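One structure is given here, and the rest of the page talks about it.
Every chain is numbered from 1 and lettered A, B, ... according to where its sequence line falls, protein lines coming before strand lines. All values reported here derive from a predicted model rather than from experimental measurement. Excluded from the calculations below are hydrogen atoms, water molecules and symmetry mates; all remaining heavy atoms, backbone and side chain alike, are included.
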Protein chains: 4
Amino acid sequence: MRDLTDRQRQIVDHAIEMIGEGGLSGLTMRRLSERLGVTEPALYRHFENKTAILAAMLGVLEAETYERLPFDQTATPDALAAHFDRLFALLTERPALATVVFLDEFATTDPELKSMVSELLAKNRERLATAFSAMRTHGLDGAVPVGATPPSSIPDPDSLATLLLGGVRLVVREWRLDGCRWDLAERGRRLVAALTTTMSGAAGAIGA
Amino acid sequence: MRDLTDRQRQIVDHAIEMIGEGGLSGLTMRRLSERLGVTEPALYRHFENKTAILAAMLGVLEAETYERLPFDQTATPDALAAHFDRLFALLTERPALATVVFLDEFATTDPELKSMVSELLAKNRERLATAFSAMRTHGLDGAVPVGATPPSSIPDPDSLATLLLGGVRLVVREWRLDGCRWDLAERGRRLVAALTTTMSGAAGAIGA
Amino acid sequence: MRDLTDRQRQIVDHAIEMIGEGGLSGLTMRRLSERLGVTEPALYRHFENKTAILAAMLGVLEAETYERLPFDQTATPDALAAHFDRLFALLTERPALATVVFLDEFATTDPELKSMVSELLAKNRERLATAFSAMRTHGLDGAVPVGATPPSSIPDPDSLATLLLGGVRLVVREWRLDGCRWDLAERGRRLVAALTTTMSGAAGAIGA
Amino acid sequence: MRDLTDRQRQIVDHAIEMIGEGGLSGLTMRRLSERLGVTEPALYRHFENKTAILAAMLGVLEAETYERLPFDQTATPDALAAHFDRLFALLTERPALATVVFLDEFATTDPELKSMVSELLAKNRERLATAFSAMRTHGLDGAVPVGATPPSSIPDPDSLATLLLGGVRLVVREWRLDGCRWDLAERGRRLVAALTTTMSGAAGAIGA
DNA sequence: AATGAATGAGACTTCATTCAT
DNA sequence: CATGAATGAAGTCTCATTCAT
């Protein structure tokens, strides 16, 4: 994903906002150009396609999400919670992202974008799964010395990752559907806690 | 709107299939009529407009999903697992539903549909939440006598419901994105198990 | 080429006329629809594509040209002359055809049409070549009895066909470029005569 | 307009190549500028507009064709054959010219170009006609002394010129349509021979 | 109950060209 | 001499919908 020019970045930003407001179908070249105060053909000087705009958007999202939400080296429940706290804060601050980040509509529209979304999704889940794997190895508090018996009761990291990511997606989605009227951060924190405390209980049971 | 005629039901069925193939944007009145072997105006004999078709579709989905997937009275982890097993079987058998059931695209298109989707989603989650509540009250095996101390380590039923529902949605979504090429039932079972066994561990720790 | 409906035929006729006036680039869906007194989308009820219209046009041209210009069984110079007389009369009567019949622009626009044009051209030339072959076999007046030595001085039928067809095409083209201001039939007759009399002379020389 | 600058010449050359590849509609200012490695406005430094480029192109073609294909003073069949041999060699070497040289599409686009094409065509034909006239006067081998009775069987020089030029154009066109896959020189030689030998036969018959 | 024909709005895209820098 | 940014006009095509029959 080559670096975007200022204008390109501007276009992408407006596109995100528009999708936030009216979904993917709310983003048309015409309306996008109007919002930028130019005519439609002007957009084509900066992007080859509408698809190119969407692709750039995915790139920006990936960069922004990953850079603004770096994953802690130490994979503890607290680190996880902090990570998602930052995510919820970001989405609260810029709700349009909430529509776009979890954008599965893309999948049906353009085959080219389909794989991009697919990959992005997979990468997200793998990062989480890796974190859960680490917890299994080093203990939930990261304190288990190397070589010690892992608390094997922590199950299938992949499934845990799917549960957490899916849960987060769902809560964000409901928040959007409800017009962002309630406190996403609070509800989200409870969600993440629900998983991590359950795990703590389970791990503690064995560790005891 | 209730009690669809045969023809209406036929239309809705084809619509489901078409959305399964090409997403919401893959469903056009033209293509729908072609698939039914009639012309477009014919559709308007049976439904007022496209929105009405989608609304009817949601109704059918609700009925079909809920009727074919009755919730067991006994809210035990096993009952949950069985429930979702049935869901995965249904989706494997008729993959088009996988696209439609979790259709959030709807939200952006039509305000009328938006609330329908919202409600459907909420109802789903509440049913699950109720189940988790019951587990908290009666123990995971449903054997805790009324009045006994609940295993309080089972957290926030709403969050658990969101995690499970979200996780299921996500796994189904990935399955579709991958072209339904892997075994949804197997992967899904692992997912549900991941949550219930974690809960068992936690509950057991305290109960012991 | 399935039979065209009345409306389709109407569209094709107007298309021919428009190409006659402004070349292939003079034919736009917008202008075509305007001339028919309808809006653009109406055209798409009758033809899938602009290409489909052009293809139908080629079909009509082939039919009309070949049916209105049947080739005499007896392949004599006079028959040839008569044939082309009919062609020149047809073009004079409906000059738009002159632009379309020899339309090579098609070749560059649409790969699908390219082969249609190619074939049409080849068929035309082959018919002529067959006629020249017959002359070689049966004599220019068709009177040489079977088995007699052919007047071998009549050369390469294919080349003769190319010369004649090419000459006719060129004269028609010049006529169009000059705004159809001179007598195509007269000039065309001289052209055909130039070839056939030359052949007569040559054949006579040997036959003598 | 005369005496193109280096840059102008470069532009025209690329334009020829592009028309060769995609027809007149394959030549756009955008693509032309891309191929030259500059932006569009740069082209307007060198030519007033697209028409000017095409006009310059016609000029170049005329010059190049006529200069590289000088007409022999002696108008004999052999000289004609040699002339066209050189033409076929030129086209084989640079097939793009084949599309451009006989470019009648031009006629429909721009009235200014229309007359240029018309004139070019006429000049071509007249040169040939003059040659045929000379043959009529001086005999096919150029040996008939001035004042002798011309072999009157050689008909209408104008028509002969049209036949030959038209035939050549057609054979070149078919060669292009077939993707330049066969030997143009060989096929072209046969074509020219077909006319000249026919004439020889006819003339010989009388001359004898 | 269905069709044939049409429509208004609007989708994405391309073209030749211009203007300030 | 060239660019970056933009434009007006126009291109083909699709969509949901309507109306007379």
Side-chain angles (χ1 to χ4, degrees), chain A residues 5-8 10-11 25-34 36-54 109-110, chain B residues 5-8 25-33 36-54 109-110, chain C residues 5-8 10-11 25-33 36-54 109-110, chain D residues 5-7 25-33 36-54 109-110:
Chain A
T5 65
D6 285 359
R7 197 62 160 151
Q8 282 178 321
Q10 213 177 99
I11 291 173
S25 64
L27 176 70
T28 72
M29 296 303 272
R30 181 120 124 82
R31 280 208 276 266
L32 183 52
S33 68
E34 273 167 8
L36 281 154
V38 297
T39 58
E40 279 178 88
L43 295 177
Y44 289 87
R45 196 140 290 271
H46 302 281
F47 287 102
E48 204 190 338
N49 272 347
K50 188 183 179 182
T51 296
I53 296 180
L54 292 172
T109 319
D110 201 293
Chain B
T5 65
D6 284 0
R7 199 64 162 147
Q8 282 178 321
S25 64
L27 175 70
T28 71
M29 297 300 272
R30 177 119 117 91
R31 280 207 276 267
L32 183 52
S33 67
L36 281 154
V38 298
T39 57
E40 292 159 275
L43 297 177
Y44 288 87
R45 284 280 135 198
H46 302 282
F47 287 102
E48 201 193 338
N49 51 30
K50 193 182 177 183
T51 297
I53 296 180
L54 292 173
T109 320
D110 201 294
Chain C
T5 64
D6 285 0
R7 198 62 161 149
Q8 282 178 320
Q10 215 177 93
I11 291 173
S25 63
L27 177 69
T28 72
M29 296 302 271
R30 179 121 126 83
R31 281 209 275 268
L32 183 53
S33 69
L36 281 154
V38 297
T39 58
E40 280 179 270
L43 295 178
Y44 289 87
R45 197 140 287 273
H46 303 281
F47 287 101
E48 203 191 338
N49 272 348
K50 188 180 180 183
T51 298
I53 297 180
L54 292 173
T109 319
D110 201 295
Chain D
T5 64
D6 285 0
R7 199 62 163 148
S25 63
L27 176 70
T28 72
M29 297 299 271
R30 176 120 116 94
R31 280 207 276 268
L32 183 52
S33 67
L36 281 154
V38 296
T39 57
E40 291 159 276
L43 296 177
Y44 288 87
R45 286 278 137 199
H46 303 282
F47 287 102
E48 201 193 337
N49 50 30
K50 192 182 178 183
T51 299
I53 296 180
L54 292 173
T109 319
D110 201 294

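D/Phe47 has its CZ atom 19 Å from the C1' atom of E/dT18, to the nearest Å. Protein atom CG of B/Asp6 is 14 Å distant from nucleotide atom C1' of E/dA1, rounded to whole Å. Between C/Arg30 atom CZ and E/dG8 atom P the separation is 13 Å, expressed in whole Å. Rounded to whole angstrom, the span from the NZ atom of B/Lys50 across to the P atom of F/dT14 amounts to 15 Å. As rounded to whole Å, 13 Å separates atom C1' of F/dC15 from atom CG of B/Leu32.
Mapping A/Leu43 and B/Glu48 onto DNA chain F via the closest heavy atom, the residue that lands nearer the 5' end is A/Leu43. The nearest heavy atom of DNA chain E to D/Thr51 and to C/Ala42 marks one nucleotide each, and the one closer to the 5' end goes with C/Ala42.
C/Asn49 has a side-chain polar atom (N or O) that falls below the 4.0 Å cut-off from OP1 or OP2 of F/dC13. Contact annotation: C/Arg7 side-chain N/O to E/dA6 OP1/OP2 distance is under 4.0 Å. Between C/Thr28 and the phosphate of F/dG11, there is a side-chain N or O to OP1/OP2 separation shorter than 4.0 Å. In this structure, C/His46 reaches the E/dA6 phosphate: one of its side-chain N or O atoms is under 4.0 Å from OP1 or OP2.
Across F/dC13, E/dG4, E/dA11, the shortest atom-to-atom separation from the side chain of C/Glu40 is found for F/dC13. Each of F/dA16, F/dT14, E/dT17 was ranked by its minimum atom distance to the side chain of C/Tyr44; first place goes to F/dT14. Comparing atom distances between the D/Pro41 side chain and each of E/dT13, F/dA6, F/dG4 picks out F/dG4 as nearest. Candidate nucleotides E/dA6, F/dA2, F/dT12 were compared by shortest atom distance to the side chain of C/Met29, and F/dT12 ranks first. The side chain of A/Arg45 sits closest to F/dA5 out of F/dT12, E/dA6, F/dA5.
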C/Leu36 and C/Arg7: CA distance, side-chain angles, deciding distance, side-chain contact (heavy atoms from CB on, under 4.5 Å) verdict: CA-CA 10 Å; C/Leu36 281 154; C/Arg7 198 62 161 149; 3.8 Å; yes
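Checking E/dT21 for Watson-Crick or G-U wobble geometry (two distances, each under 3.5 Å) identifies F/dA2 as its partner. Across all strands shown, F/dC15 forms a Watson-Crick or G-U wobble pair, both distances under 3.5 Å, with E/dG8.
Here B/Leu36 lies out of heavy-atom contact (under 4.0 Å) with every strand. D/Ile53 comes within 4.0 angstrom of nothing in the nucleic acid, heavy atoms only.
Separating the CD atom in A/Glu40 from the OG1 atom in A/Thr28 is a distance of 7.0 Å, to the nearest 0.5 Å. Note: A/Leu43 CG to A/Arg30 CZ = 12.0 Å, rounded to the nearest 0.5 Å. Remark: B/Glu48 CD to B/Ile53 CD1 distance equals 11.0 Å, nearest 0.5 Å. Here the CD1 atom belonging to C/Ile11 is positioned 7.0 Å from the CD atom belonging to C/Gln8, to the nearest 0.5 angstrom.
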